Amino acid sequence: MRKLKPPKAKKRWAKTLGLVIPIIILGLLCLAGIFCKQLAPNDPLEVDLAHQLEGPSRMFPMGTDKLGRCIFSRCLYGIRTSIGFSVLISTIGVALGILIGVISGYVGGALDVVIMRIVDALMSFPQLILVLVLVGIMGGGTYQIVLAMLMVHWVWYARITRSMTISLREHNYITAARVSGTSSIKIIAKHILPNIFSQMLALYTMDIGSTIVGLSGFSYLGIGVTPPTPEWGVMIKEGCEVIRQTMGPLLWPSLMVCVSVLSLNVLGENLRARVDEN
């Protein structure tokens with residue numbers, strides 16, 4: 001007779017797949033972005049009106065857009081823009097937010113009050129509105145949208161990190177370290193940061209997906225990455241303009257966004273489940 005796997009073994013196998021599959025997909029996307037010059041069959045910026053809105057072929061694996069540019073090549077180069085800038089924004093945001101949150105939560109007092117009032121003021125407005133206001137002040141463009149998103153991205157991390165730090169600060173081993181004369185920097189580096197790292201990693205992973213959607217959304221609205229730079233949001237906007245003639249220019253960049261964001265969310269959820277178990 002066939003032996004049935006115990007439920008716990010099946011659960012472990014499902015969780016392992018939930019980590020392995022997204023990591024493989026994201027790894028392939030990152031490799032494709034790094035080696036896009038070698039993988040792209042055409043110049044992503046080359047306009048060829050003789051081949052506009054063509055279907056998939058050997059020369060153009062995903063077809064062409066309204067200007068005859070290779071969609072496959074633009075999707076590959078778009079990995080650098082969409083995922084690259086999103087990773088940059090999320091990484092700087094999490095680093096700045098953790099730094100401010102840990103200092104605020106550990107030091108406390110007047111410094112904590114001042115920092116938290118700034119955080120509360122920024123969190124009282126939707127992030128979308130704040131970014132739109134900042135872009136309106138600085139002007140649209142690739143570097144302007146990245147800077148605007150960075151200026152509001154750290155706030156959420158600072159709030160969460162502060163709460164974790166206050167909780168950890170009351171533990172006996174940190175009190176003992178403080179009484180024994182250990183410096184605040186060493187306490188933060190050896191006791192606080194390692195204890196919040198795993199939780200922040202899970203949040204950071206999912207946040208990259210949200211940032212990809214946000215950056216693509218701003219580009220779609222015309223205030224983000226400026227054409228002709230290959231970027232998925234820009235490509236989706238251009239695809240919507242020709243949706244009645246062909247679906248290719250809209251379909252492929254939309255799939256790239258969905259696959260990358262879904263992989264990041266699945267990876268983040270599984271990382272968070274592992275953290276909660278431990």
Side-chain angles (χ1 to χ4, degrees), residues 8 11-12 15-20 22-24 26-27 30 34 83-123 127 146-147 149-212 263-278:
K8 286 186 178 179
K11 211 171 183 181
R12 277 199 301 270
K15 287 178 181 178
T16 303
L17 282 178
L19 287 172
V20 172
I23 288 172
I24 291 173
L26 293 169
C30 290
I34 293 169
I83 295 183
F85 281 133
S86 297
V87 170
L88 175 68
I89 292 167
S90 295
T91 302
I92 296 177
V94 70
L96 186 60
I98 288 175
L99 177 64
I100 293 173
V102 167
I103 291 173
S104 177
Y106 185 80
V107 175
L111 179 64
D112 180 41
V113 172
V114 171
I115 291 174
M116 283 304 105
R117 293 300 76 77
I118 294 171
V119 169
D120 289 341
L122 291 173
M123 290 187 73
Q127 194 178 69
V146 170
L147 182 59
M149 291 180 74
L150 274 174
M151 290 171 71
V152 300
H153 209 76
W154 62 273
V155 178
W156 185 64
Y157 286 114
R159 167 67 74 182
I160 294 174
T161 307
R162 172 186 175 268
S163 300
M164 292 181 182
T165 304
I166 290 174
S167 176
L168 290 169
R169 190 181 62 185
E170 306 302 324
H171 287 193
N172 292 334
Y173 64 90
I174 289 184
T175 304
R178 196 183 300 127
V179 170
S180 66
T182 306
S183 66
S184 297
I185 294 175
K186 283 187 177 180
I187 292 173
I188 290 171
K190 289 185 177 181
H191 299 297
I192 293 179
L193 289 178
N195 280 295
I196 67 173
F197 175 77
S198 55
Q199 292 174 321
M200 297 309 294
L201 178 63
L203 295 173
Y204 164 74
T205 304
M206 290 187 288
D207 185 56
I208 295 174
S210 301
T211 308
I212 291 172
S263 299
L264 286 162
N265 285 345
V266 171
L267 179 60
E269 286 290 347
N270 280 279
L271 286 173
R272 188 164 63 178
R274 290 287 179 96
V275 171
D276 292 340
E277 283 179 3
N278 297 330

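Predicted model, so just to flag it, every value in this text is computed and none were measured.
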Engineer: Mind listing the closest non-hydrogen atom pair of T205 and G268 along with its distance?
Structural biologist: CG2-N, 3.9 Å
Engineer: Could you give the distance from CD1 (I83) to CD1 (I208), rounded to the nearest 0.5 Å?
Structural biologist: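 It comes to 9.0 Å.
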Engineer: What I'd like to find out is whether the side chain of L168 reaches to under 4.5 Å of the side chain of H191, using heavy atoms alone.
Structural biologist: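 The answer is no; the side chains never approach within 4.5 Å.
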Engineer: Nearest heavy-atom pair of P22 and S263: which atoms, and what distance?
Structural biologist: CB-O, 3.3 Å
Engineer: For I188, which residues count as a side-chain contact (heavy atoms from CB on, under 4.5 Å) partner, sequence neighbours excluded?
Structural biologist: V102, Y106, I192, L193
Engineer: Could you pull out the closest heavy-atom pair between T91 and V94, with the gap in Å?
Structural biologist: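 Shortest heavy-atom separation between T91 and V94 comes out as O-CG1, 3.1 Å.
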Engineer: Among residues at least two apart in sequence or on other chains, which ones pass side-chain contact (heavy atoms from CB on, under 4.5 Å) with S183?
Structural biologist: I185, K186
Engineer: Could you grab the distance from atom CG of L267 to atom CD1 of I23, nearest 0.5 Å is fine?
Structural biologist: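 These two atoms lie 5.5 Å from each other.
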Engineer: So, does S104 use its side chain to make a donor-acceptor pair with the main chain of I100 at under 3.5 Å?
Structural biologist: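 Not confirmed, S104 side chain does not pair with I100 backbone.
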Engineer: Taking the side chain from T161 and the backbone from A158, do they hold a donor-acceptor pair closer than 3.5 Å?
Structural biologist: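 No.
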Engineer: Would you name the heavy atoms of G101 and T165 that are closest together and state the gap between them?
Structural biologist: O-OG1, 4.2 Å
Engineer: Measure the CD1-OG distance between I103 and S184 for me, rounded to the nearest 0.5 Å.
Structural biologist: 10.5 Å
Engineer: Under a 4.5 Å cut-off applied to non-hydrogen side-chain atoms, are Q127 and M149 in contact?
Structural biologist: no
Engineer: State, to 0.1 Å, how close L264 and M206 come at their nearest heavy-atom pair, and which atoms those are.
Structural biologist: O-CG, 4.1 Å
Engineer: Using every non-hydrogen atom in the two residues, find where Y157 and Y204 come nearest and quote the distance to one decimal.
Structural biologist: OH-CA, 3.5 Å
Engineer: Are D112 and V107 packed together at the side-chain level, in the sense that at least one heavy-atom pair is separated by less than 4.5 angstrom?
Structural biologist: no
Engineer: So, taking the atom named CE in M164 and the one named CD in Q199, what distance separates them when rounded to the nearest 0.5 Å?
Structural biologist: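 The CE atom of M164 sits 4.0 Å away from the CD atom of Q199.
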Engineer: With side chains defined as the heavy atoms from C-beta onward, is the minimum distance between M200 and I160 less than 4.5 Å?
Structural biologist: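 Yes. Closest side-chain heavy atoms under 4.5 Å.
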Engineer: I'd like to know if the side chain of S163 and the backbone of R159 have a donor-acceptor N/O pair within less than 3.5 Å.
Structural biologist: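 Indeed, once roles are kept as given, a pair shorter than 3.5 Å links the two residues.
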Engineer: Nearest 0.5 Å, please: how far is CG in N265 from CG in D207?
Structural biologist: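 The CG atom of N265 is 10.0 Å from CG of D207, to the nearest 0.5 Å.
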Engineer: Quick one: are H153 and T211 in side-chain contact, heavy atoms under 4.5 Å?
Structural biologist: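 Counting from C-beta outward, H153 and T211 do come under 4.5 Å.
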Engineer: Test L122 against M151 for side chain to side chain contact (heavy atoms under 4.5 Å, CB included), laying out the working first.
Structural biologist: CA-CA 10 Å; L122 291 173; M151 290 171 71; over 6 Å; no
Engineer: Nearest 0.5 angstrom please: S167 OG to N195 CG, how far?
Structural biologist: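 Here the rounded value is 10.0 Å.
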